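Written below as structure tokens is the structure these notes are about.
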Number of protein chains: 2
Amino acid sequence: MNLRRDIFQAIADPTRRAILLLVASQSMTAGGIAANFDTARPTVSKHLRILTECELLEQKKNGREIYYHLNPKKMKEIADFIEPFRKMWDERFNKLEAIMKKYKKK
Amino acid sequence: MNLRRDIFQAIADPTRRAILLLVASQSMTAGGIAANFDTARPTVSKHLRILTECELLEQKKNGREIYYHLNPKKMKEIADFIEPFRKMWDERFNKLEAIMKKYKKK
DNA sequence: CATTTATGTAGCCATTTGCCTACGAATACT
DNA sequence: AGTATTCGTAGGCAAATGGCTACATAAATG
């Protein structure tokens with residue numbers, strides 16, 4: 001399981017999306033994360049590796065435990081992709097944009 | 001090439017993301033879309049099928065031509081996934097939210 | 001120091017993916 | 001009618017994916 005390591009590929013797997021949501025609020029150990037899934041621990045470990053390699057997650061070692069936490073900057077890259085489409089459905093967004101323009105002028 | 005047809009899987013492929021961006025501003029025919037890529041036309045056709053099956057694209061037949069156009073509602077589903085993470089990087093978003101609250105109160 | 005605990009890695013396997021070359025179906029053109 | 005054009009589908013293939021069972025490594029624990 002190598003090659004093709006980009007955020008979109010990473011996000012494509014349901015388990016990996018679940019991991020991201022799980023770690024969003026607080027950092028968790030590899031084991032703690034794995035405990036939330038039915039798949040074998042090494043399988044989750046592989047998912048963590050993929051998420052880490054594409055920098056959606058970051059590690060922080062603490063003794064023999066490894067904590068994983070989200071990297072918001074990388075999450076933003078996904079948002080950036082859909083941003084051009086946003087105006088196509090979100091009127092509220094346009095309204096806010098308009099307000100923001102006024103706000104900046106002041 | 002069957003099974004597992006969801007937006008995230010669809011978005012995972014670079015060619016398919018390019019197609020979405022291409023069709024964003026205007027609807028295009030299958031051939032017109034394929035002309036923008038180096039891959040064989042049937043390959044692009046398959047990508048179009050996948051995007052259509054997961055409802056990111058919609059077809060509109062016109063004679064022997066088939067026009068593809070974006071379905072913003074489905075694009076929003078991707079945005080919905082990252083929405084919970086947005087506050088982690090976008091201060092501007094928070095600022096706008098604050099302003100919006102005031103705005104609504106009036 | 002031997003043992004348990006927390007993780008990652010190796011290697012194997014079935015399934016899925018993306019791509020290509022025919023080929024088929026339907027509509028337009030002469 | 002016969003031919004050209006626009007598309008989708010079938011089938012085959014190499015590579016990637018996700019999962020599992022050992023096994024390796026490294027840090028706590030008794």
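The chains referred to below are lettered A, B, ... by the order of the sequence lines, with proteins before strands, and numbering in each begins at 1. Being a predicted model, the structure only gives us computed values, none of them experimental. Below, all heavy atoms of this structure are taken into account, side chains as well, without hydrogens, waters or symmetry copies.
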Between A/D80 and A/K76, is there a salt bridge with N-O shorter than 4.0 Å? yes

Please state how far atom CD1 in A/I66 lies from atom C1' in C/dT5, giving the value in whole angstrom units. 13 Å

Rounded interatomic separation in angstrom, taking CD from A/E65 and P from D/dT29: 10 Å

Of A/P42 and B/T29, the one whose closest nucleotide on DNA chain D sits nearer the 5' end is B/T29

Just checking A/T43: base, sugar-phosphate only, or nothing, at a heavy-atom cut-off of under 4.0 Å? base

When you check the phosphate oxygens OP1 and OP2 of C/dT17, does a side-chain N or O of B/Q9 lie under 4.0 Å from one of them? yes

For A/R86, is there an ion pair with B/E83 - N to carboxylate O distance below 4.0 angstrom? yes

Expressed in angstrom and rounded to an integer, what is the separation of B/K60 atom NZ from D/dC7 atom P? 14 Å

Does a distance-only test, which skips hydrogens and angles, find a donor-acceptor pair under 3.5 Å between the side chain of A/K46 and the base of D/dG19? yes

Separation of D/dG19 atom P from A/F37 atom CZ, nearest Å, is 10 Å

Measure distances between side-chain N and O atoms of A/K61 and base N and O atoms of C/dG8, and say whether any donor-acceptor pair falls under 3.5 Å. no

D/dT17 C1' sits how many Å from A/L51 CG, rounded? 14 Å

Measure centre to centre between the rings of A/F8 and A/F81, then say whether the value is under 6.0 Å. yes

Can you spot which of B/I33, B/L51, B/L48 makes a side-chain contact (heavy atoms from CB on, under 4.5 Å) with B/V23? B/I33

OP1 or OP2 of D/dG8 less than 4.0 angstrom from a side-chain nitrogen or oxygen of B/Y68, does that happen here? yes

Establish whether the base of D/dG8 is bridged to the side chain of B/R41 by a donor-acceptor pair shorter than 3.5 Å. yes

If I take atom CG in residue A/D6 and atom P in nucleotide C/dG18, what distance separates them, rounded to the nearest angstrom? 12 Å

Pair B/Y68-B/Q59, side-chain donor/acceptor within less than 3.5 Å: yes

Hey, does B/T39 reach any base, or is it just sugar-phosphate, or nothing, if we go heavy atoms under 4.0 Å? sugar-phosphate

Integer-rounded Å distance: C/dT17 P and B/E53 CD: 11 Å

For B/Y67, which contact category applies under a 4.0 Å heavy-atom criterion: base, sugar-phosphate, or nothing? nothing

Using a cut-off of less than 4.0 Å, is there contact between a side-chain N or O of A/H47 and OP1 or OP2 of D/dG19? yes

For A/R49, is there an ion pair with A/E53 - N to carboxylate O distance below 4.0 angstrom? yes

Regarding the side chain of B/R16, the nearest nucleotide among D/dG8, C/dG18, C/dG8 is C/dG18

Let me know the distance between CG of A/L48 and P of C/dT7, rounded to the nearest Å. 10 Å

B/R64 has a side chain; which of D/dT6, C/dT9, D/dC7 sits nearest to it? D/dT6

Identify which nucleotide among C/dT17, C/dG18, C/dT9 has an atom closest to any side-chain atom of A/S45, counting heavy atoms from C-beta outward. C/dT9

